[in-house]
Amino acid sequence: MNISTSDDAARWRGRGVIARYRAYLPVTDATPVISLGEGDTPLIFSPRLSAKIGRGCEVFVKYEGLNPTGSFKDRGMTVAVSKAVERGAQTLICASTGNTSASAAAYAARAGISCAVILPAGKIASGKMVQAFAYGAQVVAIDGNFDQALEIVRQLGARQDFAIVNSINPDRIAGQKTAAFEIMEELTDAPDFHLLPVGNAGNISAYWAGYEEFVRLGKGRRRPKMIGFQANGAAPIYRNEVVVRPETVATAIRIGNPASWAQAKRAIADSKGMIDIVSDEEILRAQRWLARAEGIFVEPASAAPIAGLLRASEQRATAHFSGASIPEGSRIVCTVTGHGLKDPEVIMASLALPKPVAPNESEVLRAIAATQS
Ligand code: AN7
């Protein structure tokens, strides 16, 4: 058997996004690479979603929940933490709705430095909370929301003792743009539409930067229309005003004053895309549908773009986003940003746990029949 050693992939597989995309990232030989093998997530063709849109359209799901800490945040965190360590940082700090803190805590552990995470009390999904403790972060809960936590982090970051790893740190955005590179390489060019959830608006800005960069470098010809989805009760960009008390079941995107607001607006305008809203009910229905129809279990925030796509598919004659029809043969990518296991409460709340039955064949058979609905 002849195993090619010239295969590029052999050199970066399992080594993370800095190894794979070093030339496009703000790193040098002096940068210590802190990686957990993030990136290289599957772009899963989704036959049932494609059939819903119809007319030869193809829908792919970029499953970012398969990153090392279960969310897309790891792509940016490897760059942000590597650069922070290069600059001599001893303590990272971030505000978070849960995923940034899980990721920061893991990469800090990997780097052998400490990490303080500032979280809105009572609004962090249990899986994410467990992660912060498991990786040994210093966890501070505030009696306030994410926007207030980020404001405090900005103030603390002005001191020398903390390195901020929220997406206001440009190294985070640089790392996150690698997801767009992967999609362009895999599809050989950009899709026609790229859908994703929007919270603090770092990721939509990062994807757009990635698509733009690859087109500028001649590594692709097209750029997608960027379509962002906010939750109805936390939709500052959609409503064009700060939401003082954001509320949504999708706690990851429970954000009322996004840090990358201006960049997100530019991405939407330049790509001729749009920002739209989905209700909590649509989010939960889409989460359930994706798990049952495609076998992909995501957290509620990640189901927002799926909810938007399902709604588009239910529009009368042909699928469209708020009046803009989806042309025949379109390629659509939905980024699902976080793993479903992050937030078990949402599913558990709608369940009655099964009562134990006697440990014999007939009782178990009877119980199976009883659960068929
Ligand atoms: C699963 O962890 O803001 O628009 O502090 O966890 O780039 O903020 C998380 C955001 C989407 C929104 N999906 O991305 C945090 C945090 C999931 C998320 C978003 C988040 P941005």
Side-chain angles (χ1 to χ4, degrees), residues 41 62-67 69-77 80 93-106 117-120 123-125 127-129 131-132 137 142 145-150 153 164-169 172-173 175-177 179-180 194-210 226-231 234-238 246 248-265 267-268 275 278 283 287 297-307 334-343 346:
T41 54
K62 181 71 167 162
Y63 195 13
E64 288 288 280
L66 294 190
N67 275 295
T69 76
S71 88
F72 73 101
K73 304 286 184 183
D74 295 340
R75 292 178 183 276
M77 207 54 75
I93 192 164
C94 66
S96 185
T97 57
N99 279 325
T100 296
S101 47
S103 185
V117 305
I118 318 299
L119 311 175
K123 296 292 180 181
I124 305 292
K128 303 173 188 181
M129 199 66 172
Q131 286 180 290
I142 63 158
N145 61 30
F146 169 83
D147 303 290
Q148 293 166 303
L150 184 58
V153 163
I164 299 180
V165 293
N166 279 105
S167 57
I168 53 175
N169 176 340
R172 278 275 313 279
I173 305 293
Q176 283 173 212
K177 76 185 173 186
H194 190 125
L195 281 61
L196 77 176
V198 173
N200 216 19
N203 212 27
I204 192 170
S205 311
Y207 268 99
W208 183 241
M226 300 299 300
I227 317 245
F229 291 92
Q230 298 193 299
I237 302 178
Y238 177 81
T248 169
V249 68
T251 51
I253 52 172
R254 185 176 170 270
I255 295 174
N257 189 9
S260 299
W261 194 323
Q263 295 90 315
K265 283 195 86 155
I268 291 157
I275 189 99
V278 285
I283 286 173
Q287 180 194 30
F297 180 32
V298 302
E299 65 169 285
S302 305
I306 305 298
C334 295
T335 295
V336 293
T337 42
H339 203 289
L341 292 173
K342 293 263 190 182
D343 193 350
V346 167

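Remember, it's 1-based here, ligands and their atoms both numbered in the order they're listed.
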Numbering the atoms of ligand 1 from 1, which are under 4.0 Å from a heavy atom of [X]?
{"X": "T97", "value": "2 (O), 3 (O), 5 (O), 9 (C), 15 (C), 16 (C)"}
{"X": "N200", "value": "4 (O), 8 (O), 21 (P)"}
{"X": "N99", "value": "1 (C), 2 (O), 6 (O), 17 (C), 18 (C)"}
{"X": "G202", "value": "4 (O), 7 (O), 21 (P)"}
{"X": "G98", "value": "2 (O)"}
{"X": "E299", "value": "1 (C)"}
{"X": "T100", "value": "2 (O), 5 (O), 15 (C), 16 (C)"}
{"X": "I253", "value": "11 (C), 12 (C), 19 (C)"}

Using a heavy-atom cut-off of under 4.0 Å, does the side chain or the backbone of [X] touch ligand 1, or both, or neither?
{"X": "K342", "result": "neither"}
{"X": "L196", "result": "neither"}
{"X": "S96", "result": "both"}
{"X": "N166", "result": "neither"}

Ligand 1 N/O within reach of [X] N/O, cut-off under 3.5 Å:
{"X": "K128", "answer": "no"}
{"X": "P197", "answer": "no"}
{"X": "G338", "answer": "no"}

**Study point:** Protein contact of atom 11 (C) of ligand 1 - nearest heavy atom, named by residue and atom, plus distance
**Key:**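 Checking every protein heavy atom, the shortest distance to atom 11 (C) of ligand 1 gives T337 OG1, 3.5 Å.
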Check your understanding: Does the side chain of T97 come under 3.5 Å of the side chain of K123 through a donor N or O and an acceptor N or O?
Key ->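 No.
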Review point. Within the distance-only criterion (no hydrogens, no angle test), does the side chain of S103 pair as donor or acceptor with the backbone N or O of N99 below 3.5 angstrom?
Key: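 Between the backbone of N99 and the side chain of S103 there is no qualifying donor-acceptor contact (under 3.5 Å).
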Review point. How many angstroms lie between atom CD of E299 and atom OG1 of T251, to the nearest 0.5 angstrom?
Key: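 Taking CD in E299 and OG1 in T251, the distance rounds to 7.0 Å.
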Exercise for review: For the residue pair H339 and F297, categorise the inter-ring angle as parallel (less than 30°), tilted (30 to 60°) or perpendicular (more than 60°).
Suggested key: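 It falls in the perpendicular class, over 60°.
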